[in-house]
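Scroll down for the structure; my scribbles are underneath it.
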2 protein chains.
Amino acid sequence: MTKNSNPEWTGFEHLKEDKLFPADLKYSIKNYPKNNLILRQGDLCDALYILMSGSVKTEMITENGNLLGIEIINAPRPLAPAFLFSGNNRFPVDVTTLEDVEILKIPKKEVVRLMTTQPDFMQQFLTHNANRTQFLTNRLQLLSIKTIKGKIAHFLLEQTNEHGSTFTLNRNQTELADFFGVARPSLARSLSEMIQDGIIRIDKKEYTVLNKKKLRDFLV
Amino acid sequence: MTKNSNPEWTGFEHLKEDKLFPADLKYSIKNYPKNNLILRQGDLCDALYILMSGSVKTEMITENGNLLGIEIINAPRPLAPAFLFSGNNRFPVDVTTLEDVEILKIPKKEVVRLMTTQPDFMQQFLTHNANRTQFLTNRLQLLSIKTIKGKIAHFLLEQTNEHGSTFTLNRNQTELADFFGVARPSLARSLSEMIQDGIIRIDKKEYTVLNKKKLRDFLV
DNA sequence: TTGTGAGTGTAACAATTGTTACACTTTAAA
DNA sequence: TTTAAAGTGTAACAATTGTTACACTCACAA
C-alpha cells in the first residue's frame, strides 16, 4: 500500500497497521487501468470505496451538459463516503482514473460495524466528511462569485495566503476555466487584462501576485 | 419541545424520550428573539447547536458582498453539525432567527461521548450530514447551470417531479433570484418570456408547468 | 377609505461573458 | 531533430445578464 501522505484520512491505515482491523471484515479489491470511468454520477452507492493507490479525478456534469471540474484525488482517500449514509445514496460525481488504481470496497454493513467498534475509524470518518463539507462550501462560495476576475482574485488570494505571493499551479488554463465554470477564452482575457494592469504575473505554471490590494478590490 | 416533524433528525429526540440521554450530559439552552443574527460566518464552531423551536434562515455572504440565500431551517434540527469536526471549525454561513428560537448547545467533547456511547445518535448524525452534503451538491449543480432559464427549468422540474405539475412557492421573486444567484429583473424577464412562450404559468405564488418537454430543452 | 410599503412587470442601456476562429508556442513522442 | 498534439493569446462578434429607473398592483394597517 502507498505510504499515507494525506493527513485527511489516516484512519484506515492506522487500523491495519495496529492490527485493529477485524480479521473477518468483508471487503474486495479492484484494479482499474488508466483513463477509465469507474463510477458514474447517479450510480448506487452501497459500499465505501477507498482509493488505495493511484489517482482519480471527479467531475460533475451539469444538466446542460457542461463539465464542472471538481477535484483530483490522490491515494489513499475514500471516494464520496458521505453518500453512503444519505437518503438516496447515489454518487454525486463521475470518477475517472488518471493512472492505474487500486480500490478497496467495503460493504455498508461492514462500515457500520467498523464505525461502532473502532472509535478511531469513526473519528476519521467524521473529520473527513466535515472537511468534504467544507470543501463543497468553498466551492459554492467560489461559484457564487459572478465575475471572472472576482473568481480569479478569490482563488489567487486563497493560494497565496499561506505560501507567499508565488505558487505553482498544477492545472492548465482549460482546467482552471472548468474549475471556475467559465469559458477558456474568457478566462484568458481576464488573466491577460490583470497582467496588463500589473496585478499578477504568469510564467508558465508559476503564478505571482504583484498587487494584493488591487486583487482584493475585485471582491468588493 | 416541539414535536418532531423533520425526518432528517430524530436522533436527539429519540434519546430523550427513551431516557437514553446521559443524566450527566453537559449542555446549555439559549433563547433568542426574532430577527436576530445569532451565528456569523467565520465564527468558531466548538459545540453542537440544535435548533429546538422556531425557525432560522442561513445565508452565505460571498466575498463580493452579494447574498446567496441558502435555506430556511425549522426546528428541530442541528445547525451545521458537520463543521464541528472539520479542520478549521468555523461556521460557513450566517444564521438569523425568523421567529423566537430556543437553541440547545452541546460541547464538542460531549458530542464525541454521545457518539461513541449512543449508536442511534451516531447513525442520525451520519445520515444528517450525508443529506447535508447532498443538499450542497444539489446547490452546486444549480449554481453551475449558467443560463437563468436553465436554472428555472432545473428548479421547476425538481419541484414538479413529485407533486404533479403545479406547486406553491413560498418565496417571492427577490428571494428566488437570490437563490439562483441572479439579479431580480433578469429573473423576471426570463420568467415572463417563458410565460409568453406558453411553457409555464404563474398565478401569485402558484407555479404551473405547462410544457415539461420545452422546459427540459433548456437543460440541453 | 386611504396611504404606505412590499412585490412585481418591464424598458433602455451598459457590462460582461460566450462563441468561434485562427495564429502562435510549448511539450512530448517518434 | 522533427512532428503532432496540446496549450495559449487574442480578436470580432453574438448572446446573455446586470443596472437603473419607474409604473403598477396588492395587502394591510392607520
Side-chain angles (χ1 to χ4, degrees), chain A residues 34-35 57 62 64-69 98-99 142-155 168-208 217-220, chain B residues 35 57 62 64-69 98 142-155 168-208 217-220:
Chain A
K34 186 177 175 179
N35 291 327
K57 76 175 166 188
T62 67
N64 57 11
N66 284 347
L67 274 187
L68 178 70
L98 293 176
E99 1 174 7
L142 180 65
L143 272 185
S144 70
I145 298 173
K146 282 169 204 144
T147 66
I148 296 184
K149 288 186 184 177
K151 290 171 202 260
I152 294 171
H154 174 94
F155 180 74
T168 304
L169 184 63
N170 62 344
R171 309 175 197 248
N172 61 35
Q173 226 179 55
T174 305
E175 289 168 338
L176 192 60
D178 278 348
F179 184 69
F180 288 161
V182 302
R184 202 269 310 166
S186 302
L187 174 63
R189 173 174 46 208
S190 292
L191 283 175
S192 72
E193 282 172 10
M194 291 167 93
I195 292 171
Q196 214 100 63
D197 295 346
I199 300 172
I200 59 173
R201 182 172 51 210
I202 303 177
D203 185 19
K204 317 247 169 152
K205 293 188 172 302
E206 194 173 285
Y207 286 63
T208 306
D217 289 345
F218 287 112
L219 302 176
V220 180
Chain B
N35 292 326
K57 76 175 166 189
T62 67
N64 57 10
N66 284 346
L67 273 187
L68 178 71
L98 293 175
L142 181 65
L143 271 184
S144 71
I145 297 174
K146 281 168 203 145
T147 66
I148 296 183
K149 288 185 184 178
K151 290 172 201 260
I152 294 171
H154 175 95
F155 181 75
T168 303
L169 184 63
N170 62 345
R171 308 175 197 246
N172 61 36
Q173 226 178 55
T174 304
E175 289 168 338
L176 191 59
D178 278 347
F179 184 68
F180 288 160
V182 302
R184 205 267 311 164
S186 301
L187 174 62
R189 173 173 47 207
S190 291
L191 284 174
S192 72
E193 282 171 9
M194 291 167 92
I195 292 171
Q196 214 100 61
D197 295 345
I199 300 172
I200 60 174
R201 182 172 51 209
I202 303 177
D203 185 19
K204 316 245 169 157
K205 293 187 171 304
E206 194 173 285
Y207 286 64
T208 305
D217 288 345
F218 287 114
L219 303 175
V220 179

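Quick note on labels: first sequence line is chain A, next is B, and so on, each numbered from 1. Values reported hereafter were calculated over all heavy atoms of this structure, with side chains retained and with hydrogens, waters and symmetry mates removed.
- Side-chain contact between A:Phe179 and A:Leu142: present, with at least one pair of heavy atoms (C-beta onward) separated by less than 4.5 Å.
- Looking at heavy-atom distances under 4.0 Å, B:Ile148 makes contact with sugar-phosphate atoms alone, never a base.
- For B:Ser186 and D:dG18, the shortest distance from a side-chain N or O to OP1 or OP2 is below 4.0 Å.
- A:Leu98 meets the side-chain contact (heavy atoms from CB on, under 4.5 Å) test with A:Ser55, A:Lys57, A:Ile72; sequence neighbours excluded.
- Here B:Lys151 lies out of heavy-atom contact (under 4.0 Å) with every strand.
- Atom CG of A:Leu187 and atom P of D:dG9 are 10 Å apart (whole Å).
- The CG-P distance, from B:Leu176 to C:dG9, rounds to 12 Å in whole Å.
- When distances are taken from the side chain of B:Pro185 to each of C:dT26, D:dT19, D:dA27, the shortest belongs to D:dT19.
- Contact check for B:Phe180 versus B:Leu187: side-chain heavy atoms found under the 4.5 Å cut-off.
- The CD1 atom of A:Ile145 sits 16 Å away from the C1' atom of C:dT16 (whole-angstrom rounding).
- One can place CG of B:Asn172 at 14 Å from C1' of D:dA27, the figure rounded to the nearest angstrom.
- Side-chain nitrogen and oxygen atoms of A:Gln173 include at least one within less than 4.0 Å of the OP1 or OP2 phosphate oxygen of D:dG9.
- For a distance-only test at 3.5 Å, the side chain of A:Arg171 fails to qualify as a donor-acceptor partner of the base of D:dG7.
- In this structure, the side chains of B:Lys205 and B:Asn170 stay at 4.5 Å or more apart for every pair of heavy atoms.
- DNA chain C is contacted by both B:Gln196 and B:Glu175; B:Glu175 maps to the nucleotide lying nearer its 5′ end (nearest heavy atom per residue).
- Across B:Leu143 and B:Lys151, no two heavy atoms sit closer than the pair O-NZ, 3.6 Å.
- When the C1' atom of C:dG7 is taken as reference, atom CD1 of B:Ile202 falls 13 Å away, rounded to whole Å.
- As rounded to whole Å, 12 Å separates atom C1' of D:dT19 from atom NZ of A:Lys146.
- Between the base of D:dG18 and the side chain of B:Arg189 there is a donor-acceptor pair shorter than 3.5 Å.
- Contact check, B:Lys204 against D:dA27: a side-chain N or O comes under 4.0 Å of OP1 or OP2.
- Rounded to an integer number of Å, the gap from A:Asp178 CG to D:dT8 P is 12 Å.
- Rounding to whole angstrom units, CZ of residue B:Arg184 and P of D:dT19 are separated by 12 Å.
- Both A:Ser192 and B:Val182 lie close to DNA chain D; mapped to their nearest nucleotides by heavy-atom distance, the more 5′-ward contact belongs to A:Ser192.
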